[in-house]
Every structure is written in structure tokens, then in C-alpha cells.
Amino acid sequence: MNRRLALLALPLLFAVAGCTGGSTDDDPAPRPAAAERPSPFEDCAALSTPPGAGSPGAGTTSPGATASASPASGTTASASPDSGTTPSASPASGTGTSPRGAVLPELTLACFTGGAPVELRSVAGPAVINIWASWCGPCRKELPAFQRLSERADGQLQVVGVNTRDSRRGAQSIGEDYGVRFPILVDQGDALQRELNRNAFPLTLFVDADRRIRHIDATGALDDAQLATLVRTHLGLKVSA
């Protein structure tokens, strides 16, 4: 009799064991994939549109602007013999290897936000193009000043970043942590720096309305006052510091 009762109880014991034997800690349910964080940067669709085009003030020259924003932009302050140095720049900023006066290199770069790749020569000037990476200390230091320049330019010029030798996560974090919003192109192969024969970080190009490079700065982290001086000297535009 006892043996029969034991046999009848076995299925019940196995059923109980099956419900309680597995721990959720040992065999966790798979988590859904985390959604990709939205890009902090603006898209690149408007980069080929000249600064100020379509705005109420388009077609009028701002109080501090000069002919650098007109078709005659080949004659700017940087074309003078002594334009290699400015009050805010060290002598190293005017090195003889700068392709001053050359058109932007013929390169096609991806936009950080996706979409169609961007031909660098299609970027409408006047423009300030900053080459940076998240692991570069001086780059991190100066990026907020470039963001403020893009806000203070009031449609006179556009600020563009070129992120190179970097990870997407690193660049994304910089945009989020430092409040950088201007459009970012991606150049993981150093193509732009190789075309310019430069390997410095950070590196900043000052490009006129004819898409010609008027100055390349590699003096280190730039602040608001230095950027305002460089923009005035090489692009003939007045922006507040």
C-alpha cells in the first residue's frame, strides 16, 4: 500500500520541481535591443546652400562684412602679404605648406546623421571647417567656441565639423556633453588631412564664398576671441566674441 502511494506521488513531485527548479537569475530573459540614441548634430542637407540664403537679411551685407561674401571674394584680407599672421595666432599658423587660395579638395564624406554623402566642394562658403576627434583634448576644449560661433554668425557663415579617427560613440558623446549641434561630416580615413598634407589636431579651415581656402589654423585650441579675429582677418566678416 505504501509503495503504491509513493508511485502515485512521484508525478506530483516532478511537476512541483519543474515549476521551481529554474532561477530567473541563472537564465534571464533576453533584453530587447536598445534604441540608437538620436544624433545631437544637425543634418547636412543645407550645407550646399550659401549662408543666409532665403533669410530675411539675405542679399544685404552685415555691418562688418566685406567683399569676401560676394563673387569678388578672391580679394580678402588673407590675400595680403602679411596675412599669414594675426594678432591672435602664433607664427606657426602661417606655415608655407598651407594650400592658401586652393579650392576645397574633391572629396565625398558621409554625414554623421546619415542620408546622402556630401561632396566637400559643395559646402557653400563662407565656412569654417573644424577637423576634430573626441580623444583630442584641445579639440574638446575648443568645440564649444565653434558652437557659439555658429550661433553668433547670424547667417554670415556656416560652421562644419569633420570628425576623423574616431568612434561613433565617442563623437556622439561629445555632441551630447558639450552641446555641439552644427553639422558633422565623417572622415575615418584621414582623407581630408592627407589632401591638405597636415596631420595636426585640431585643424581649422577658413573658406571663402568661392570655396577657396583662405587660411588653415593649427595653433591649438581656439577661443571665442581668436575665432572672431580669424574670421574677420581671413573672411572679412565681423562676428561678436
| said: Check whether D208 reaches the backbone of D210 with its side chain - one donor and one acceptor, N or O, closer than 3.5 Å. | reply: yes
| Got P183 and E42 here, is their nearest side-chain heavy-atom distance under 4.5 Å? | yes
| request: Could you label the plane-to-plane angle of the F41 and F112 rings as parallel, tilted or perpendicular, counting under 30° as parallel and over 60° as perpendicular? | output: perpendicular
| message | For E176 versus P38, what's the shortest heavy-atom pair and its separation? | response | OE2-O, 4.4 Å
| Are P40 and Q172 close enough that some pair of their side-chain heavy atoms sits under 4.5 Å apart? | yes
| request: Quick one: closest heavy-atom pair of A133 and C139, and the distance? | output: O-CB, 3.6 Å
| request: Apply the test side chain to side chain contact (heavy atoms under 4.5 Å, CB included) to residues L196 and L205: give CA-CA distance (whole Å), side-chain angles for both, the deciding distance (0.1 Å), then the verdict. | output: CA-CA 10 Å; L196 299 172; L205 313 182; 3.7 Å; yes
| message | Looking at every heavy atom in both R165 and D190, which two are closest together, and how far apart are they? | response | NE-OD2, 2.8 Å
| task | Examine distances only and state if a side-chain atom of D43 and a backbone atom of T113 form a donor-acceptor pair shorter than 3.5 Å. | result | no
| task | List the steps and the verdict of side chain to side chain contact (heavy atoms under 4.5 Å, CB included) for V180 and F146. | result | CA-CA 8 Å; V180 178; F146 281 92; over 6 Å; no
| task | Taking the side chain as every heavy atom from C-beta outward, state whether L185 and L192 have any pair of such atoms under 4.5 Å apart. | result | no
| said: Can a side-chain donor-acceptor contact be found between T204 and D217 if the only test is distance below 3.5 angstrom? | reply: no
| What distance do Q193 atom CD and T164 atom OG1 have between them, rounded to the nearest 0.5 Å? | 5.0 Å
| task | Would you give the length of the straight line joining atom CZ of R198 to atom CD1 of I216, rounded to the nearest 0.5 angstrom? | result | 5.0 Å
| message | Checking side-chain contact (heavy atoms from CB on, under 4.5 Å) between L227 and each of V159, L222, N130, which is the one that passes? | response | L222
| query | What's the shortest heavy-atom distance between D166 and A171, and which atoms? | reply | OD2-N, 4.1 Å
| request: Using a 4.5 Å cut-off on heavy atoms from C-beta on, say whether the side chain of N163 contacts that of W132. | output: yes
| note | Taken to the nearest 0.5 Å, the spacing of L120 CG from L104 CG works out to 4.5 Å
| task | Give a yes or no on whether the backbone of S134 and the side-chain of R140 come within a donor-acceptor separation of less than 3.5 Å. | result | yes
| Got a second to check how far S39's OG is from R181's CZ, nearest 0.5 Å? | 9.0 Å
| note | One should read off an interatomic distance between L149 CG and F182 CZ, to the nearest 0.5 angstrom, of 9.0 Å
| task | Evaluate the side chain to side chain contact (heavy atoms under 4.5 Å, CB included) criterion for residues R37 and S173: first the C-alpha distance (whole Å), next the side-chain angles of each, then the deciding distance (0.1 Å), finally the verdict. | result | CA-CA 10 Å; R37 303 200 305 268; S173 296; 4.0 Å; yes
| said: Under the side-chain contact (heavy atoms from CB on, under 4.5 Å) test against R121, which residue among T108, L107, V103 passes? | reply: V103
| message | For a quick test of reading the model, state the closest non-hydrogen atom pair linking S167 to G170 and the distance between them. | response | OG-N, 3.0 Å
| field | Under 3.5 Å donor-acceptor, R152 side chain and A241 backbone | value | yes
| Looking at side-chain heavy atoms only, is the closest gap between R211 and V123 below 4.5 Å? | no
| said: Is it true that, when you exclude E151 itself, more than 12 heavy atoms of the residues, nucleotides or ligands shown sit nearer than 6.0 Å to its CD? | reply: yes
| task | Rounded to the nearest 0.5 Å, what's the gap from OH on Y178 to CD on Q147? Could you check? | result | 14.0 Å
| task | Verify side chain to side chain contact (heavy atoms under 4.5 Å, CB included) between F206 and T233, making sure each step is shown before the conclusion. | result | CA-CA 10 Å; F206 294 82; T233 302; over 6 Å; no
